[in-house]
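See structure below.
Both ligands and their constituent atoms are indexed starting at 1 by order of listing.
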Amino acid sequence: MSTIEMPAPDRSIIERRGEIIAALAEAAGEENVISDPAETLAYECDALAAYRCPPLAVVLPHTTQQVANIMKTCSRLGVPVIPRGSGTSLSGGALPTADAVVLGVSRLNRILETNYDNRFIRVQSGMTNLSVSDAVSAEDFFYAPDPSSQLACAIAGNVAMNSGGAHCLKYGVTTNNLLGVTMVTTAGEIVEVGGPWCDPAGYDLLGVICGSEGQFGIVTEAVLRILKKPEGARPILLGFNSSEVAGACVADVIKAGVLPVAMEFMDGPAIIACENFAQAGYPTDVDALLIIEVEGSDSEIDEQLAKIKKIAKQHKPEVMRESESAVQSDLIWKGRKAAFGAMGQISDYMCMDGTIPTSQLPFVLGRMSEMAKSYGLAVANVFHAGDGNLHPLILFDANKPGDQEKCEALGYDILKLCVEVGGCLTGEHGVGIEKRDLMDCQYTEADMEMQMRVKDVFDPAWILNPAKVFPMETSHSRRTHNQPEKAA
Ligand SMILES: Cc1cc2nc3c(=O)[nH]c(=O)nc-3n(C[C@H](O)[C@H](O)[C@H](O)COP(=O)(O)OP(=O)(O)OC[C@H]3O[C@@H](n4cnc5c(N)ncnc54)[C@H](O)[C@@H]3O)c2cc1C
C-alpha cells in the first residue's frame with residue numbers, strides 16, 4: 001500500500017493510444033518509439049520504487065530536432081510528457097502516469113565541445129555525470145557536482161533537480177556550475193538560455209530552469225563549468241561516541257569559517273553497513289563518523305587540517321585518522337559513495353532529503369532518533385553535514401502490511417521538523433511526488449501561486465511532468481483550468 005495519490009489517467013488519451021504512437025513514430029522515427037507493454041515496464045518507476053505506473057509509450061530521440069517534433073506532437077494531441085534522464089530520482093520526479101509519454105534523453109549522450117582555455121564543456125544532456133569528469137580528467141580538469149549516483153544519473157536530471165553531492169560544500173551545486181542550456185519548449189521551439197560567458201544579458205532564466213523538475217521544457221544540451229583539479233586532497237576520519245557530538249563538531253567547524261571541500265556524516269548503522277559492503281577501514285565501534293576532506297598544496301592541507309583537528313579535539317573524538325595515501329583516500333570515499341547500495345542490501349528503505357541550518361544539527365539528530373523510536377522504526381543517517389543536508393534512511397519492511405505508511409509518516413514528520421528549525425523540504429533530491437503535499441508547510445498560498453504562474457508561462461497547458469512539485473489538487477485544478485478550450 002502506498003499513500004501518495006496520483007491523478008486518475010485521462011481515459012480519452014488512453015483510448016487514442018494507437019493514434020498517439022503513430023504520431024510519435026512520425027515525429028521521432030519508429031525505431032525510437034517503445035510501445036510494447038513488456039518494454040515500457042522498464043520505465044514504470046524511478047528510484048522511488050514504491051510507486052510504479054507503466055506509461056502510455058516511451059520515446060528515445062537522438063537529436064534536439066526530434067525532441068522538438070515530439071513536443072509539438074504531444075502539445076497538439078494534449079498528451080502529458082514525462083522527461084527522463086537515467087531514472088535515479090529519489091523523489092519520484094520521473095514517475096509516469098498511464099496517460100503520459102516518457103521522453104528519455106539517454107541517446108543524447110555526446111560531447112559537443114570541450115574548451116579548456118575558457119573552462120567549459122558543452123554536452124548533450126543524456127551524458128552521465130561521471131562521464132563528464134572522466135572526459136576531461138586526462139587534462140587534469142573535473143566537473144564539480146558529484147551526486148553519489150554519478151555513475152548512472154544524467155546531466156539532464158542533475159539540471160532538473162539542481163543536484164548536489166559530497167564535494168558541493170566548496171564548489172556549490174549544479175546551479176553554481178551550469179552556464180547554459182539548450183531547451184525545447186512545450187510548443188516545440190528550440191531555445192538557448194545562458195552560454196559559456198559570464199552573466200548573460202536579460203533575466204536569469206537559467207536560474208529558473210535549473211531545479212524546475214522537468215516542468216518547464218526538455219533540456220537537450222548543457223554548457224558546464226569545468227575546473228582544474230586541485231594540487232592535492234586529503235580526507236580525515238573523525239569518530240565520536242554520539243551523533244549529537246559529531247553534529248556539534250560540524251557546526252563548530254562551519255562557524256569557525258573553515259571551508260573543507262566535503263564534510264560527510266554517517267551514524268552507527270550506516271558505518272557498519274558501509275564497512276561490511278566496501279571494507280573501507282571505518283572504525284565500527286563508534287556511533288558517528290565524519291569524513292572531512294580538504295584540498296590544496298601539502299602546506300595548505302596541513303594548515304586546514306590542523307584547524308579542524310583543534311576544533312574536533314574539543315569534542316573528544318574516539319578516532320582521529322588522516323588518510324596516508326591515495327589508496328586510503330579512495331577507500332574512504334568508496335565506502336561513503338556506496339552507502340545507499342550498502343543499506344539496500346540489508347533492508348528496504350526510503351531516503352529522505354531535507355536541509356537545516358548546521359547549528360541545528362545536534363538538536364535535529366537527537367529529535368529524529370526520538371521520533372523514529374516512537375514509530376518503532378530504525379533510521380540510518382548518512383548525509384552532507386557541511387551543508388546541513390540530511391539524508392535519513394528510514395528502514396522498513398515492504399512485505400509487512402502498514403510499514404511503508406509508517407515510514408512515509410515518519411519521513412513527513414522529519415521534513416516538517418527541518419522546516420520548523422529554519423531549514424527546507426529538500427536539499428538536492430527535489431520535490432517530485434514525494435514532498436509535493438508538504439509544500440504548504442514551507443510556502444504560503446501566495447508563494448506557491450507565484451511559482452505556478454512561472455509554470456503557466458513555460459507550460460500553459462500543464463502537460464509537462466504533471467502531478468509533481470505542487471499539492472496534487474492544486475496542480476490538477478490549475479491544469480484543468482488552463483486547458484485551451486476552457487481558457488478560451
Ligand atoms: C543511490 C543514489 C544516490 C543519490 N545521490 C544523490 C546525491 O548525492 N545528490 C543528489 O543531488 N541526488 C542524488 N540522488 C538522486 C538522483 O540521482 C538525482 O536527482 C539525479 O540528478 C537524477 O538524475 P537522472 O538523470 O536519473 O534523472 P531522472 O530520475 O530521470 O529525472 C529526475 C528529474 O529530472 C527531470 N528530467 C529528466 N530529464 C530531463 C530533461 N531532459 N529535461 C528536463 N527535465 C528532465 C525528470 O522529469 C525528473 O523530474 C541519488 C539517487 C540514488 C538512487
Should you measure from each heavy atom of [X], which atoms of ligand 1 turn up under 4.0 Å away?
X	value
N465	47 (O), 49 (O)
I218	41 (N), 42 (N)
H384	8 (O)
S163	11 (O), 18 (C), 19 (O), 20 (C), 21 (O)

Checklist entry - Counting only heavy atoms not in E5, do more than 12 sit closer than 6.0 Å to its CD atom? => result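 No.
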Checklist entry - Would the number of heavy atoms belonging to other residues, nucleotides or ligands and lying under 6.0 Å from NE2 of H62 be above 12? => result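 Atom NE2 in H62 is crowded, with more than 12 foreign heavy atoms closer than 6.0 Å.
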Heavy atoms only, cut-off 4.0 Å: how does [X] contact ligand 1, side chain, backbone, both, or neither?
X	result
M183	neither
M161	side chain
T88	both
A47	side chain
K468	neither
N158	both

Quiz: residues 385-392 side-chain donor-acceptor pairs under 3.5 angstrom, not counting sequence neighbours:
| from | atom 1 | to | atom 2 | distance (Å) |
| --- | --- | --- | --- | --- |
| N389 | ND2 | D353 | OD1 | 2.9 |
| N389 | ND2 | G354 | O | 3.2 |
| H391 | ND1 | M352 | O | 3.2 |
| H391 | NE2 | E428 | OE2 | 2.8 |

Nearest protein heavy atom with distance in Å, relative to [atom]:
atom	result
atom 46 (C) of ligand 1	P83 O, 3.1 Å
atom 2 (C) of ligand 1	F340 CD2, 3.4 Å
atom 28 (P) of ligand 1	G87 N, 3.5 Å
atom 29 (O) of ligand 1	S89 N, 2.8 Å
atom 41 (N) of ligand 1	V219 O, 2.9 Å
atom 24 (P) of ligand 1	S86 N, 3.5 Å
atom 49 (O) of ligand 1	G93 O, 3.1 Å
atom 12 (N) of ligand 1	H429 CD2, 3.4 Å

Item to check | Winner among E221, K337, E428 once heavy atoms are compared against atom 9 (N) of ligand 1 | outcome: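 Shortest heavy-atom distance from atom 9 (N) of ligand 1: E428.
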Item to check | Proximity winner for atom 43 (C) of ligand 1, if only heavy atoms of A156, G217, A160, A222 are counted | outcome: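 Nearest heavy atom to atom 43 (C) of ligand 1 lies in G217.
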Next on the checklist: Using heavy atoms and a 4.0 Å limit, tell me yes or no: is G126 in contact with ligand 1?
Outcome noted: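 No, G126 has no heavy atom closer than 4.0 Å to ligand 1.
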Next on the checklist: Quick check on V105 - does any of its heavy atoms sit under 4.0 Å from an atom of ligand 1?
Outcome noted: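 Within the 4.0 Å threshold, so yes.
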Item to check | From I111 atom CD1 to I121 atom CD1, the distance as rounded to the nearest 0.5 Å | outcome: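 Going from CD1 on I111 over to CD1 on I121, the span is 4.5 Å.
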Item to check | Working for side chain to side chain donor-acceptor pair (under 3.5 Å), residues E221 and T182 | outcome: CA-CA 5 Å; E221 293 175 17; T182 302; 3.3 Å; yes
Checklist entry - Q124 side chain to R110 main-chain N or O, any donor-acceptor pair under 3.5 Å? => result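 A pair under 3.5 Å: yes.
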Checklist entry - Relative to each other, are the rings of F470 and W462 parallel, tilted or perpendicular (30° and 60° limits)? => result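 Ring orientation of F470 relative to W462: tilted.
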Checklist entry - Under the side chain to side chain donor-acceptor pair (under 3.5 Å) criterion, do S131 and T128 qualify, and how do the steps go? => result CA-CA 5 Å; S131 62; T128 62; 2.9 Å; yes
All N/O donor-acceptor pairs, side-chain side in residues 100-108, below 3.5 Å, sequence neighbours left out:
| from | atom 1 | to | atom 2 | distance (Å) |
| --- | --- | --- | --- | --- |
| R107 | NH1 | N32 | OD1 | 2.9 |
| R107 | NH1 | L60 | O | 3.3 |

Checklist entry - How about Q279 and K334: does a side-chain donor come under 3.5 Å of a side-chain acceptor? => result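 Short answer, no.
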